[in-house]
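First comes the structure, then the notes that go with it.
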Amino acid sequence: MKKSYYNNRKKKARQNRTKGKGARRFKESMTGFLFLLPALLPLLVFWVGPVLYSLWLSFTDWDMMSPEIHFVGLSNYKSLIGQSDFMAVLQNTLVFALGSVIPTILLGLLAALALSSAKKGTRIYRMVMFAPYITPMVAVSIVWSWIFEPRAGILNYVLSFLGIHGLKWIQSRNTAMLSVIIVTVWKQIGWTLLFYLEALQKVPGNLLEAAAIDGAGKVKRFLKITLPMISPTTFFLLIITTINSLQAYDQIQVLTQGGPAGSTRTLLYYYYQEAFESFHTGKASAVAVILVLITVILSLAETKVSRKYIYYE
């Protein structure tokens, strides 16, 4: 009897301690939530709320004018998938993403390697190369529109001086996308340059010296040591530049307005046209949802690949 009595007392004591810990944890969680609430409220009001509202609008036929909103289910998504113009927009988006992300990272890395080996004037070079990034995209695009001008533009003048026939650049559907990519890459190189310069400084010098003593050349040391050591920076830049490429709008609006013949119309610009030119708000919201899904899928895919190929100390 005494043994069972003491066992019951111990069991009740453990239960009371568990309840006490649970109550303390709940109190601590609520206290933390109250401290975070001032920062969460703007996020909920200006980000989560609009995202959920856009998701709901994608299932409607609202035209931004009429007071009535009708639920149409998946009709907007079905019409987009079966539309040839939308398929062309997806293709343009893919071409622009690949054409801007890969050169931006490669040229930024090459510029960082060149500057890291320079002995003098590195600060001036950094400032000159970073200046385009802090310049508004609209201003950059206006200047480049003058550069791309077929008759009086400086770019065709340089080409003619070299004996190369000038191009129509933003006025031709064959070169318009290339023109937008050139502006985008030119603006972002300085940004990737700074990240790579910082990453290259953190590569252990003793590893490079040991590899050199073992007979490894510069190329082999770069491929086997430097490149793996800066792979986290490369992964970060890959994610950010991919997202930026999917959100490109300013340079397209200023340079080509999605033309000629829709050759530079990407997803975000297509969203703008459907929402604020055609007033197909429901359809435009569906485009926005698809854009978000593509961004999430690409980010998850890149993250999964990074687990295998990215080196973390």
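No experiment lies behind these values; they were computed from the predicted model shown.
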Would you check if L80 and Y270 make a side-chain contact, meaning some heavy-atom pair closer than 4.5 Å?
yes

From the list T295, L291, L94, side-chain contact (heavy atoms from CB on, under 4.5 Å) partner of L267 resolves to L291

Whether over 12 other heavy atoms sit under 6.0 Å from W146 CH2
no

Let me know which of L115, L113, T233 forms a side-chain contact (heavy atoms from CB on, under 4.5 Å) with Y196.
T233

Counting neighbours of OH on Y157 that are heavy atoms of other residues, nucleotides or ligands and sit closer than 6.0 Å, is the number greater than 12?
no

Side chain of D63, backbone of F279: donor and acceptor closer than 3.5 Å?
no

Between the CH2 atom in W144 and the OG1 atom in T184, the distance rounded to the nearest 0.5 Å is 10.5 Å

Below 4.5 Å, heavy atoms only, C-beta onward: do V289 and Y77 meet side chain to side chain?
yes

Same cluster or not: are V296 and I240 linked, directly or through other Ile, Leu, Val, Met, Phe, Trp or Tyr residues, by side-chain heavy atoms under 4.5 angstrom apart?
no

Looking at OG1 of T104 and CH2 of W186, how far apart are the two atoms once the value is rounded to the nearest 0.5 Å?
12.5 Å

Step by step, work out the side-chain contact (heavy atoms from CB on, under 4.5 Å) result for V292 and V51.
CA-CA 10 Å; V292 171; V51 167; over 6 Å; no

For W169, does its backbone N or O pair with a side-chain atom of S172 as donor and acceptor, under 3.5 Å?
no

Polar side-chain atom of N76 near backbone of T60 as donor-acceptor pair, under 3.5 Å
yes

If you group Ile, Leu, Val, Met, Phe, Trp and Tyr by side-chain heavy-atom gaps below 4.5 Å, do M87 and L98 land in one group?
no

Side chains of S285 and T281: does their closest heavy-atom pair fall under 4.5 Å?
yes

Could you check if a side-chain atom of Y272 sits within less than 4.5 angstrom of a side-chain atom of Q253, using non-hydrogen atoms only?
yes

With a 4.5 Å limit on heavy-atom distance, are the side chains of I105 and V101 in contact?
yes

Are the side chain of W62 and the backbone of S66 linked by a donor-acceptor contact shorter than 3.5 Å?
yes

Side chains of I230 and L200 in contact at under 4.5 Å (non-hydrogen atoms):
yes

So do I69 and W56 actually touch side chain to side chain, heavy atoms under 4.5 Å?
yes

Pairwise distance CD1(I182) to CG(L155) - rounded to 0.5 angstrom
7.0 Å

Looking only at non-hydrogen atoms, find the nearest pair between A111 and M129 and report the distance.
CB-CE, 3.8 Å

Would L74 end up clustered with V287 when hydrophobic side chains under 4.5 Å apart are linked, directly or stepwise?
yes

Check: N156 side chain, L167 main-chain N or O, donor-acceptor pair, under 3.5 Å
yes

hydrophobic_cluster_shared for Y53 and V45, side chain cutoff 4.5 Å:
no

Is it the case that more than 12 heavy atoms not belonging to E68 sit under 6.0 Å from its CD atom?
no

Determine the minimum heavy-atom distance between Q273 and Q257, stating which atoms define it.
NE2-O, 4.2 Å

Smallest heavy-atom separation, Q247 atom then L268 atom, equals O-CD2, 3.0 Å

List the steps and the verdict of side-chain contact (heavy atoms from CB on, under 4.5 Å) for F276 and M64.
CA-CA 9 Å; F276 302 106; M64 206 182 292; 4.2 Å; yes

Shortest non-hydrogen pair, F59 vs G73, comes out as CD2-O, 3.1 Å

What is the distance from atom OG of S299 to atom CG of L238, rounded to the nearest 0.5 Å?
9.5 Å

If you group Ile, Leu, Val, Met, Phe, Trp and Tyr by side-chain heavy-atom gaps below 4.5 Å, do V254 and F96 land in one group?
no

Quick one: closest heavy-atom pair of P228 and L223, and the distance?
CD-O, 3.4 Å

Taking the side chain as everything from C-beta on, heavy atoms only, tell me whether S231 gets closer than 4.5 Å to F235.
no

When you look at Y125 and L193, which way does the side-chain contact (heavy atoms from CB on, under 4.5 Å) test go after all the steps?
CA-CA 10 Å; Y125 293 141; L193 164 72; over 6 Å; no

Any chance you could measure L207, atom CG, to R221, atom CZ, to the nearest 0.5 Å?
12.0 Å

Would you indicate whether L43, at its atom CG, is surrounded by more than 12 heavy atoms from other residues, nucleotides or ligands within a distance under 6.0 Å?
yes

Within the supplied structure, the quantity of interest is the number of heavy atoms (other residues, nucleotides, ligands) at a distance under 6.0 Å from Q83 CD; does it exceed 12?
yes

From CG (L57) to NZ (K283), nearest 0.5 Å:
15.5 Å

Any chance you could lay out the side-chain contact (heavy atoms from CB on, under 4.5 Å) test for T31 and F35, step after step, and finish with the verdict?
CA-CA 6 Å; T31 303; F35 278 109; 3.5 Å; yes

Closest contact, heavy atoms only, S263 versus M177:
O-CE, 3.4 Å

